[in-house]
Colleague: 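So that we are looking at the same thing, I have put the structure below in C-alpha cells.
We count ligands from 1, going down the list as the structure has it; atoms in each ligand are counted the same way. Bear in mind that the values here come from a model prediction, so they are computed numbers and not experimental data.
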Amino acid sequence: MYTDYHIHLFIDGTPVDLEKLSLIIDALKEAEISEVYDMGSKNAAGFQYREVFEENGIRLKTCGFALYKGSGYGRFLGRAIDSMDEVPVLIDELYRKGADFIKVVNSGVVSHRAKGFVTEGGFSGEELEYIVKEARKRSLPVICHVNSDGKIREALIAGVDSIEHGFFINKESIHIMKEKGISWTPTVYALLRYSRELSQTSRAFYEGVIGEHLRMISYATDIGVRVNIGSDSGSRGLRHGVSYHKERAILSDYLRK
Ligand SMILES: [Zn+2]
C-alpha cells in the first residue's frame, strides 16, 4: 500500500461533490493508495470528506484550506491573508476543525513566461516565520508550496517541515534541508505533464528545468534528505492514482539508493 504526499480534492482542477468524490476514492483504491495528504482547497473539502475516506479504508491527512498571501498565487487552494492579524485567527480555525498540518503557499508556480520563471506569490521571510510560530503553538506541522531558491531558502529558515515542488532549489538549500530534517516532495511528473500541453519550444524550457530538478533530487537523496512521492493529482491534467505511479516511476531510481 502506498502514500501519496500531495493531492487535491479536485478532479482536473474542479472541486468535487460527494458523487464525484467516489471517483477519486475508486482511483486511489485501484492504485493501492491507502494514505493521502490533501494540500488544500478553497472550500476545505478535506474536513468535509475525511470520514468518507476513512470508511473506504483510506487515511486522509488534510490542511483543510491553505494559507496564501492576498493577491498572490493560491486562490483555489485556500484563504487569502491580507493582514498578518488574520494568521492566528485562521490557524485557530484550522486547529479547531482538526487540521493535520498547515499548508502555506510561499510562491507562484513555474512558468516560462514569468520573471525568474516563477509566478507571483508568497510571504516575506518575517511573515513566514510568524506563520510557522503560530502553527507551532498548536503543534501543527507546516508544509510549504514554494518555487525559486530565494523563497525556498526563506521557508527553510522559517523552519517549515516540508518543501512542496521546490523547483530551482540549489545545493546549499538542500544541505539546510538535511541539517534541519526538512523533507521534500518534488512533484516532477506534475510539471512534466503540464509541459506536454505546450508547444515544442516552450517544452524545451520545461525539459531543462526538470532535468536540473532531477539532478537536485539525486543530490538530496545522496546526502540523506527525505524525498516523498507526491503527485499533485486533482490539479488540471493530473489523475488520482495514475499520476502517483508516474511520479513513483520517475523517482524510483533515486529513492532506491
Ligand atoms: Zn498542489
Side-chain angles (χ1 to χ4, degrees), residues 2-16 21 24 27-28 31 33 35-47 49 53 60-69 72-80 94 99-111 114 118-123 141-148 151-152 155 160-169 183-195 197 206 209-210 213 217 227-248 250-251:
Y2 304 107
T3 297
D4 189 334
Y5 282 90
H6 191 129
I7 71 150
H8 295 277
L9 296 177
F10 305 137
I11 291 179
D12 218 6
T14 307
V16 289
L21 186 74
I24 296 179
L28 293 171
I33 294 168
E35 185 178 49
V36 288
Y37 284 69
D38 161 38
M39 291 294 149
S41 49
K42 196 182 179 64
N43 60 351
F47 295 144
Y49 296 141
F53 276 85
L60 177 81
K61 300 257 180 104
T62 185
C63 67
F65 53 81
L67 304 179
Y68 72 97
K69 176 102 172 197
Y73 173 80
R75 200 154 41 88
F76 62 102
L77 299 175
R79 301 249 192 106
L94 290 167
D100 296 289
F101 55 90
I102 298 299
K103 163 89 183 292
V104 58
V105 177
N106 200 41
S107 78
V109 295
V110 177
S111 169
V118 177
T119 62
E120 292 291 318
F123 296 88
V142 179
I143 292 184
C144 185
H145 161 118
V146 60
N147 296 301
S148 88
K151 304 297 281 177
I152 291 168
V160 304
D161 297 275
S162 181
I163 296 290
E164 306 299 296
H165 319 300
F167 287 92
F168 306 113
I169 196 168
S183 62
W184 184 16
T185 309
T187 65
V188 187
Y189 177 68
L191 194 67
L192 183 66
R193 173 68 185 76
Y194 170 72
S195 73
E197 290 176 9
Y206 290 90
V209 172
I210 289 164
H213 201 52
I217 292 166
V227 171
N228 294 323
I229 302 171
S231 64
D232 213 356
S233 56
S235 301
R236 203 165 57 85
L238 296 166
R239 289 163 58 206
H240 293 89
V242 177
S243 304
Y244 170 83
H245 286 287
K246 296 273 188 191
E247 179 74 1
R248 189 163 181 271
I250 292 170
L251 292 181

Colleague: Could you pull out the closest heavy-atom pair between S107 and V105, with the gap in Å?
Modeller: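 In this case the closest contact between S107 and V105 is O-CG1, 3.4 Å.
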Colleague: Looking at every non-hydrogen atom in both residues, tell me the closest pair between V118 and S148 and how far apart they are.
Modeller: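 Closest pair (atom of V118, atom of S148, distance): CG2-CB, 3.9 Å.
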Colleague: Please work out which of the three classes, parallel, tilted or perpendicular, describes the rings of Y37 and Y5, given edges at 30° and 60°.
Modeller: parallel
Colleague: State whether the number of non-hydrogen atoms from other residues, nucleotides or ligands found under 6.0 Å of K246 atom NZ is greater than 12.
Modeller: no
Colleague: How about H6: does one of its N, O or S atoms come closer than 2.8 Å to the Zn ion (ligand 1)?
Modeller: yes
Colleague: Can you tell me the N, O or S atom of H8 that's nearest the Zn ion (ligand 1)?
Modeller: NE2
Colleague: Identify, by name, the N, O or S atom of D232 lying closest to the Zn ion (ligand 1).
Modeller: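 The closest N, O or S atom of D232 to the Zn ion (ligand 1) is OD1.
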